[in-house]
Amino acid sequence: MEIDFSLYPIYKKEGIMFFWKEIIEEGLRAIEKYADVDYSVILNSLLEGTLDLWIIFLNKECIGFMTTRFNYPTSQIKELFIYHLYIRQISNSDEVFKLGMEKLEEYAKSSGCYRMSFLTSRENGFSKKLKLYNWIPKYVEFIKEVK
């Protein structure tokens, strides 16, 4: 059976605020278990347009979101960086993940990107999935709090 999947960018403030209540707060609470999340910084970045919002739909139901931004690690390289990714627990989440990454890759290519990047603290979650689609782990991040 074919999946009715779509991934839509949301740019208007009204849309951002609607989906903030609809899915983003839920997703950030889940992400918070694995990483530091500052809700106000994320919301302000979305509203100011310094972070882009993508809403994931399956069978016309909102089931997740991604936030992205173009980065320029060097003057020669443009990359699409994925900051946040959340998909509700559903039976075919692997297929939805694959379709979402394919759509995002098409967008990155058409935008002139050299690469896509995604930093995750969930090694047993996204790392395994990303490797299936030819993503290569490049760095390990070390953090030491100095409070």
Side-chain angles (χ1 to χ4, degrees), residues 3-74 77-108 110-111 113-133 135-147:
I3 292 179
D4 180 12
F5 171 86
S6 48
L7 180 66
Y8 289 111
I10 306 296
Y11 301 110
K12 293 187 176 184
K13 291 181 181 184
E14 302 81 27
I16 291 167
M17 294 309 298
F18 173 81
F19 286 109
W20 185 266
K21 293 293 182 196
E22 178 78 13
I23 189 80
I24 299 169
E25 284 182 336
E26 170 189 325
L28 292 177
R29 282 191 301 274
I31 293 168
E32 219 170 26
K33 296 175 185 172
Y34 306 98
D36 296 330
V37 174
D38 187 329
Y39 289 74
S40 62
V41 169
I42 295 166
L43 180 58
N44 287 334
S45 296
L46 291 169
L47 293 172
E48 292 167 1
T50 57
L51 199 59
D52 293 324
L53 175 63
W54 300 81
I55 300 297
I56 304 165
F57 290 92
L58 181 64
N59 301 323
K60 300 189 180 16
E61 179 186 345
C62 175
I63 60 152
F65 74 94
M66 285 190 251
T67 62
T68 63
R69 175 184 308 175
F70 290 118
N71 282 346
Y72 300 86
T74 70
I77 294 176
K78 179 181 181 180
E79 71 178 7
L80 183 64
F81 194 91
I82 302 167
Y83 280 87
H84 306 97
L85 171 59
Y86 172 71
I87 301 172
R88 285 183 176 146
Q89 294 291 327
I90 56 173
S91 61
N92 52 353
S93 63
D94 287 344
E95 182 68 14
V96 168
F97 182 85
K98 176 182 179 256
L99 291 169
M101 286 298 154
E102 287 172 356
K103 293 271 187 197
L104 210 57
E105 185 174 338
E106 289 172 18
Y107 172 73
S110 70
S111 298
C113 291
Y114 176 77
R115 65 183 181 205
M116 292 170 47
S117 297
F118 182 37
L119 180 66
T120 180
S121 59
R122 296 188 56 205
E123 186 164 354
N124 292 329
F126 289 123
S127 294
K128 288 179 183 177
K129 286 182 184 181
L130 290 168
K131 288 177 187 175
L132 290 174
Y133 304 108
W135 285 68
I136 301 166
K138 295 283 278 186
Y139 303 101
V140 175
E141 181 180 34
F142 291 90
I143 296 176
K144 180 178 181 182
E145 292 187 13
V146 294
K147 293 181 185 177

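This is a predicted model, so every value here is computed, not measured.
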For this session: Apply side-chain contact (heavy atoms from CB on, under 4.5 Å) to L43 and I24, showing your working.
Result: CA-CA 9 Å; L43 180 58; I24 299 169; over 6 Å; no

Exercise. Taking the six-membered ring for Trp, are Y39 and W20 parallel (under 30°), tilted (30 to 60°) or perpendicular (over 60°)?
Worked result: perpendicular

Problem set entry | M101 side chain near I82 side chain, heavy-atom distance below 4.5 Å | yes

Exercise. What do the steps show when you test C113 against E79 for side-chain contact (heavy atoms from CB on, under 4.5 Å), and what is the final call?
Worked result: CA-CA 5 Å; C113 291; E79 71 178 7; 5.6 Å; no

Problem set entry | Residue from I31, D52, I42, T67 passing side-chain contact (heavy atoms from CB on, under 4.5 Å) with Y83 | T67

Problem set entry | C62 to E22 - nearest heavy-atom pair and separation | SG-CG, 4.2 Å

Exercise. Rounded to the nearest 0.5 Å, what separation is found between the CG atom of L47 and the OH atom of Y11?
Worked result: 15.0 Å

Problem set entry | Inter-residue atom distance N92.CG - I3.CD1, 0.5 Å rounding | 4.5 Å

Problem set entry | Nearest-0.5 Å distance, NZ of residue K33 to CG of residue L28 | 12.5 Å

Exercise. Does any non-hydrogen side-chain atom of F5 lie less than 4.5 Å from one of K103?
Worked result: yes

Exercise. Do side-chain atoms of K78 reach the backbone of S111 as a donor and acceptor pair under 3.5 angstrom?
Worked result: yes

Problem set entry | Between CD on residue E102 and CD on residue E106, distance to nearest 0.5 Å | 7.5 Å

Exercise. What class does the angle between the rings of F118 and W135 fall in, given that below 30° is parallel, 30 to 60° is tilted and above 60° is perpendicular?
Worked result: perpendicular

Exercise. Does the side chain of M17 reach to within under 4.5 Å of the side chain of K12, using non-hydrogen atoms?
Worked result: no

Seminar exercise, completed: Rounded to the nearest 0.5 Å, the OH atom of Y86 sits from the CD1 atom of I56 at a distance of 10.5 Å

Exercise. Side chains of D4 and S6: donor-acceptor distance under 3.5 Å anywhere?
Worked result: no

Problem set entry | Residues, nucleotides or ligands: over 12 heavy atoms within 6.0 Å of Y114 OH | no

Exercise. Counting only N and O atoms by type, is there a donor-acceptor contact under 3.5 Å from the side chain of R115 to the main-chain atoms of I77?
Worked result: no

Exercise. Which of parallel (below 30°), tilted (30 to 60°) and perpendicular (above 60°) describes F57 and F19?
Worked result: perpendicular

Seminar exercise, completed: On a heavy-atom basis, the closest approach of L7 and G100 is CD2-O, 3.8 Å

Problem set entry | V96/I63 under side-chain contact (heavy atoms from CB on, under 4.5 Å): CA gap, chis, key distance, verdict | CA-CA 10 Å; V96 168; I63 60 152; 3.7 Å; yes

Exercise. Roughly how far, to the nearest 0.5 Å, is the CG atom of L80 from the OH atom of Y107?
Worked result: 6.5 Å

For this session: Indicate yes or no: at least one non-hydrogen side-chain atom of E26 is less than 4.5 angstrom from one of I23.
Result: yes

Problem set entry | Whether N71 side chain and P73 backbone form a donor-acceptor pair below 3.5 Å | no

Exercise. Any sub-3.5 Å donor-acceptor pair from T50's side-chain atoms to S45's backbone N or O?
Worked result: yes

Seminar exercise, completed: All heavy atoms of G15 vs all of I10, minimum pair found to be C-CG2, 3.6 Å

Seminar exercise, completed: Shortest non-hydrogen pair, Y133 vs D94, comes out as OH-O, 3.9 Å

Exercise. So, do F70 and Y72 have ring centers that fall under 6.0 Å from each other?
Worked result: no

